[in-house]
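Note that the structure is predicted; figures quoted are calculated from it, not measured.
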Amino acid sequence: MKRILYGLIALSFFMGIGKVEARANVTATSKVYAGNTFKTSISVRDASMWEVHLSSSGPVKGCSFDDINYTSDGNNGSKNYSVTCTTTGTGTITLKLTGKTIDANGNQTGVSDSATVQVVERPKETPKSSVNTLDNLWVEGVSLDPTFNKDTTEYNVELEADVTKIKIGATKSDSKSSISGDGEKSVSEGMNSFNVVVTAENGSKRTYTIKARVKEKEPIHVTIGNDTLSVVRKREDLKKLGELYTETTVKMNEEEIPAYHGEKTGFTIIGLKDADGNIQNYIYDEVKNTYTLYEEYTFQKVSIFINYTQQLQIPKDYKKETIEIGEKKVEAYKREGKEFYLIYGMNTETGEYAWYSYDKKEGTIQRYIEEKEASSFDKYAKVLFIAVAAFFSLFLAIIGALLIKIKHLKGTN
């Protein structure tokens with residue numbers, strides 16, 4: 001059947017009648033790199049039968065195509081073909097499309113179309129720069145230590161106590177690299193560290209570090225016992241207190257010092273730092289110029305400030321002992337034979353002082369209610385009750401004995 005069909009198509013072609021439209025297109029760019037592939041499209045339009053042939057010349061392979069075909073209903077139709085071509089070198093590739101088509105009315109024409117593709121060498125890629133150094137680095141108004149060298153990545157600067165901002169400048173060795181971390185920076189008392197990062201074109205990074213130390217102001221010293229402590233000047237260094245305390249300041253040596261104030265407790269709290277840099281909160285009495293270590297102990301959401309500085313009446317028979325609450329040593333009182341300890345302090349939520357009973361085993365407290373000794377009347381009443389009870393028991397025994405004796409006498413009669 002196929003041979004008969006091809007014969008009819010060929011016979012129609014040789015009759016030389018009709019109208020034909022066909023064309024070939026190269027869909028890839030007109031210039032490709034050697035070794036790449038590209039696609040060629042062949043389109044047949046307004047034909048009921050067709051015969052097309054694609055040939056190629058130049059540095060290419062796989063660019064040949066042949067087809068004889070027709071529409072299934074005999075009406076005019078369209079058909080698209082795609083051919084993948086592979087370049088084998090550089091130069092010009094010529095694509096030629098030939099053949100014949102027949103439309104539904106039997107009109108026939110020849111096909112002739114062509115396209116060219118230029119094949120060139122792939123350009124060699126220029127490697128991206130790996131330079132990630134600085135040409136210069138500085139801090140405005142002060143000198144770097146050591147002097148800048150592109151291969152040295154860590155520097156120090158020293159700033160006066162009143163400096164709050166610095167400006168870091170930097171220039172890069174390679175125009176293709178980028179810099180981050182320069183510009184104006186805020187500084188505070190003590191050590192401040194800043195990184196300037198250079199990123200090369202290829203993504204590699206180098207970090208230059210500037211350590212800027214702001215000199216401390218002349219410290220304000222206070223003496224507590226045998227210890228010399230310095231006053232904390234920066235609020236962020238103060239140990240945080242609960243919501244019952246609000247931020248405030250106090251004046252010391254003509255300077256505003258950050259502090260907290262408790263409305264309920266009436267305490268003004270400041271921070272003091274020891275020689276090792278450890279910071280603790282202290283109650284500061286401006287009138288008496290005294291400092292008292294302030295530590296809260298929280299039990300079941302009740303916070304107690306333990307304080308024995310007042311004139312206290314120690315409950316009878318309670319002796320002083322030192323116990324640990326958490327990791328802190330605390331003064332407490334205990335009565336022989338009793339399981340609980342007594343501690344004295346202020347409820348920081350109410351500002352009221354009281355004795356509290358502390359259960360060391362469970363770590364709980366409750367307000368202590370003092371045990372009252374029995375009065376003389378209570379003691380007399382207790383003795384009287386015992387005497388009456390004893391008399392009544394004796395009376396019942398006597399009555400019982402008499403009844404038994406009477407019963408015995410009646411029996412003998």
Side-chain angles (χ1 to χ4, degrees), residues 224-227 229 238-248 259-272 274 278-288 290-386 389:
I224 301 176
N226 297 323
D227 298 322
L229 308 175
L238 286 179
K239 296 179 72 173
K240 299 289 185 184
L241 291 175
E243 60 184 16
L244 298 175
Y245 284 86
T246 57
E247 294 181 357
T248 186
Y260 290 103
H261 180 72
E263 188 67 31
K264 294 290 186 182
T265 63
F267 294 155
T268 297
I269 308 294
I270 65 169
L272 297 180
D274 64 19
N278 300 311
I279 296 173
Q280 289 185 293
N281 289 329
Y282 281 78
I283 302 169
Y284 174 53
D285 188 324
E286 290 186 75
V287 176
K288 298 179 180 178
T290 58
Y291 306 87
T292 305
L293 181 64
Y294 181 78
E295 291 184 308
E296 287 185 357
Y297 298 84
T298 300
F299 310 87
Q300 304 125 332
K301 299 183 180 179
V302 176
S303 295
I304 303 298
F305 167 61
I306 298 175
N307 183 13
Y308 293 99
T309 59
Q310 303 183 20
Q311 293 293 326
L312 298 178
Q313 183 174 353
I314 310 300
K316 188 177 180 181
D317 297 329
Y318 277 84
K319 305 295 183 183
K320 183 167 69 172
E321 292 187 18
T322 299
I323 62 173
E324 286 190 1
I325 298 179
E327 298 180 354
K328 305 284 186 179
K329 293 187 182 299
V330 174
E331 183 180 318
Y333 291 83
K334 189 173 184 295
R335 186 176 180 180
E336 187 175 349
K338 295 289 185 180
E339 184 178 354
F340 302 120
Y341 293 85
L342 294 185
I343 57 177
Y344 187 81
M346 175 198 286
N347 182 331
T348 59
E349 293 186 10
T350 64
E352 297 177 356
Y353 283 94
W355 284 102
Y356 290 87
S357 178
Y358 172 60
D359 185 340
K360 186 177 180 182
K361 185 179 294 184
E362 295 188 0
T364 58
I365 64 167
Q366 64 180 6
R367 195 177 177 90
Y368 171 70
I369 300 175
E370 189 173 358
E371 301 171 7
K372 294 183 179 179
E373 291 190 14
S375 66
S376 298
F377 176 78
D378 291 337
K379 291 179 180 178
Y380 176 76
K382 186 176 180 181
V383 171
L384 181 62
F385 175 78
I386 294 171

Residues forming a side chain to side chain contact (heavy atoms under 4.5 Å, CB included) with [X], sequence neighbours excluded:
X: Glu362; value: Asp359, Thr364
X: Glu321; value: Lys334, Tyr341
X: Thr268; value: Val250, Ala259, His261
X: Glu247; value: Arg235, Tyr260

From [atom1] ([X]) to [atom2] ([Y]), nearest 0.5 Å:
X: Thr292; Y: Asn281; atom1: OG1; atom2: CG; value: 12.5 Å
X: Leu229; Y: Tyr282; atom1: CG; atom2: OH; value: 5.0 Å
X: Ile279; Y: Leu272; atom1: CD1; atom2: CG; value: 9.5 Å
X: Ile325; Y: Ile306; atom1: CD1; atom2: CD1; value: 4.5 Å
X: Glu263; Y: Thr246; atom1: CD; atom2: OG1; value: 7.5 Å
X: Ile269; Y: Leu241; atom1: CD1; atom2: CG; value: 6.0 Å

Subject >> Set of residues satisfying salt bridge (charged side-chain N to carboxylate O under 4.0 Å, His left out) with respect to Lys240, sequence neighbours excluded >> reply: none
Original post:
Residues two or more places apart in sequence or in another chain: which of them pass salt bridge (charged side-chain N to carboxylate O under 4.0 Å, His left out) with Glu324?
Top reply: Lys329
Pairwise side-chain contact, [X] with [Y], heavy-atom cut-off 4.5 Å (strictly under):
X: Gln280; Y: Leu293; value: yes
X: Leu244; Y: Glu349; value: yes
X: Met346; Y: Lys264; value: no
X: Thr265; Y: Ile283; value: no

Can you name the closest pair of heavy atoms from [X] and [Y] and give their distance?
X: Tyr353; Y: Arg367; result: O-NH2, 4.5 Å
X: Asp285; Y: Val287; result: OD1-N, 3.0 Å
X: Leu342; Y: Ser357; result: CD2-CA, 4.0 Å
X: Leu238; Y: Gly271; result: CD2-N, 3.3 Å

Original post:
Checking ring-ring contact (aromatic ring centres under 6.0 Å, His included) against Tyr358, which of Tyr344, Tyr297, Phe299 comes through?
Top reply: Phe299
Original post:
Any chance the rings of Phe340 and Tyr368 have centres within less than 6.0 Å?
Top reply: no
Residues forming a side-chain hydrogen bond (donor to acceptor under 3.5 Å, both in side chains) with [X], sequence neighbours excluded:
X: Lys319; answer: none
X: Glu296; answer: Tyr294
X: Asp227; answer: none

Subject >> Worked check of ring-ring contact (aromatic ring centres under 6.0 Å, His included) between Phe267 and Phe305 >> reply: CA-CA 11 Å; Phe267 294 155; Phe305 167 61; 5.3 Å; yes
**OP:** Could you walk me through whether Gln366 and Tyr356 pass the side-chain contact (heavy atoms from CB on, under 4.5 Å) test, one step at a time?
**Re:** CA-CA 6 Å; Gln366 64 180 6; Tyr356 290 87; over 6 Å; no
Subject >> Any residue meeting ring-ring contact (aromatic ring centres under 6.0 Å, His included) with Tyr333, in chain and number order, not counting sequence neighbours >> reply: Tyr308, Trp355
**OP:** For Tyr291, enumerate each residue passing the ring-ring contact (aromatic ring centres under 6.0 Å, His included) test, keeping only those at least two apart in sequence or located in another chain.
**Re:** Tyr284
